[in-house]
Amino acid sequence: MPSIKIPRRWEIPESGATPEDVYLNRRRFLRATGLVGLGTIALGSSGLGCVAAEPEKAAQGATRRIVYPEPDAWKGIYPVKRNERFALDRLLTDEVVAGTYNNFYEFTTDKPAVAALAKGFPVHPWKVEVGGLVGKPKTFDIDDLVRTMPLEERLYRHRCVEAWAMSVPWTGFPFKALIDKVEPLSSAKFVRLVSFHKPELAVGQAMQSWYPWPYYEALTMAEAVNDLAMLVTGIYGHALPVQHGAPMRLVVPWKYGFKSIKSIVKIEFIESMPPTFWNDVAPREYLFEANVEPDVPHPRWSQAFERLIGTDMRVPTRKYNGYREHVEALYV
Ligand SMILES: Nc1nc2c(c(=O)[nH]1)N[C@H]1C(S)=C(S)[C@@H](COP(=O)(O)O)O[C@H]1N2
Ligand SMILES: [Mo]
């Protein structure tokens, strides 16, 4: 079991924020904690109550625009060529819909509020430590990864265990390309991935201290080197916005979304099956394997159908999320 760290302090992410961002973050924070009423009273008594309607409009505007990180080092990288082998049988999800409906508990459990709370979270510079049972452990700089790895765009379905789904154009490279660089030993049977731990900047990590931060996930080696498993650095022809897991996240589209860990800082090759975040939090509900299985209900809801976000459509869920031919050999 990973050690449970108690955050020492928390604050609303303000580094590099404009006054409007700060205001927005406070409102989001108040809403996320159910303190909106109190906040309104406080604002009213300090004489700011009279402008309450305007910032609410600003808040809406701010969440309708997706903020893509654009450090100089990534200039000219996106968009990249699409790999037509990964086609979709359904429409792409609207970019703003996907970017304003996020699961990223480090910021908040309130999906529409993640983008605003994540805005300004520093994703550059960023390092990813890759080690464990490998011949060539190495700490990679994200700038080197996006410059040297074979980036391609793929259209993938995404199925959250909560029974909503989307289809998005990810940009990234096969996980296998990174694995090959570090030369895993034959004793490596699993690969474990870890997200950042910054409760001073990620208010959800600070406030929800009962979760075993940082977020951690894992795959078997065979899953990690599967053709579909991607390390993703971009979406919709841009660098990943923070809410989607900047600067680099995993995408394993035949598994429930919680396996696709965001904002990775560490990748470790190990011998035996490690614990994973959601399996530790609720072992009856979230399994290590977590393959999309329409016939296996969650203890509290059916997994037979999924809601396509941004539409009124409810469609049948497919085994392995429609990727049977790519992955079924892994599970015989
Ligand atoms: N670090 C981290 N990674 C995470 C999560 C999270 O809360 N923290 N949520 C997961 C879940 S449940 C889903 S459905 C997807 C959502 O990705 P999206 O916001 O890009 O759609 O991210 C996954 N990766
Ligand atoms: Mo999810």
Side-chain angles (χ1 to χ4, degrees), residues 2 32 63 66 68 92-119 121 123 126 128 156-172 192-199 201-205 207-208 210-219 229-236 238-267 276-282 285-287 290-292 298 301 303 306-310 317 321:
T63 57
I66 305 301
Y68 296 104
L92 273 188
T93 301
D94 177 86
E95 172 178 356
V96 175
V97 169
T100 53
Y101 191 82
N102 304 99
N103 271 334
F104 204 165
Y105 278 28
E106 282 83 341
F107 294 100
T108 171
T109 56
D110 178 8
K111 292 189 232 323
V114 170
L117 279 174
K119 193 172 156 193
F121 181 83
V123 295
W126 190 279
V128 184
Y156 273 178
R157 287 183 285 275
H158 173 97
R159 172 59 155 83
C160 176
V161 74
E162 299 161 338
W164 57 267
M166 62 179 186
S167 308
V168 300
W170 300 115
T171 301
R192 177 175 182 267
L193 306 98
V194 186
S195 298
F196 65 81
H197 187 235
K198 292 191 181 211
L201 295 173
V203 70
Q205 268 185 339
M207 298 299 291
Q208 307 172 98
W210 54 90
Y211 286 122
W213 307 114
Y215 199 98
Y216 45 101
E217 257 303 337
L219 300 172
M230 259 184 122
L231 287 173
V232 159
T233 61
I235 190 171
Y236 294 103
H238 300 273
L240 274 186
V242 182
Q243 63 266 34
H244 283 301
M248 188 173 82
R249 55 105 47 95
L250 178 70
V251 170
V252 278
W254 71 98
K255 294 178 176 286
Y256 289 122
F258 66 85
K259 297 293 289 185
S260 292
I261 182 174
K262 294 175 169 179
S263 304
I264 297 163
V265 300
K266 190 174 175 184
I267 300 176
T276 51
F277 182 94
W278 278 109
N279 185 249
D280 277 347
V281 170
E285 298 177 46
Y286 309 108
L287 305 182
N291 290 330
V292 175
H298 180 275
W301 58 84
Q303 294 292 23
E306 61 205 46
R307 182 174 61 82
L308 303 183
I309 58 171
T317 287
N321 199 24

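Everything quoted here is computed from the prediction, not taken from an experiment. Ligands are counted one by one from 1 in listed order, and the atoms in each one are counted from 1 as well.
Of all heavy-atom pairs between Gln243 and Ala118, the closest is N-CB, 4.2 Å.
Between the side chains of His197 and Gln205, no donor-acceptor pair of N or O atoms lies under 3.5 Å.
Below 30°, between 30° and 60°, or above 60°: for His298 and Trp301 the angle between ring planes is below 30°, a parallel geometry.
The residues lining ligand 1, counting any heavy atom closer than 4.0 Å, are Asn102, Asn103, Phe104, Tyr105, Glu106, His158, Cys160, Trp164, Met166, Ser195, Tyr215, Gln243, His244, Arg249, Gly257, Phe258, Ser260, Ile261, Lys262.
Arg157 meets the salt bridge (charged side-chain N to carboxylate O under 4.0 Å, His left out) test with Asp89; sequence neighbours excluded. Partners of Lys111 by salt bridge (charged side-chain N to carboxylate O under 4.0 Å, His left out), not counting sequence neighbours, listed by chain and number: Glu162. In this view, Lys259 and Glu217 satisfy the salt bridge (charged side-chain N to carboxylate O under 4.0 Å, His left out) rule, not counting sequence neighbours.
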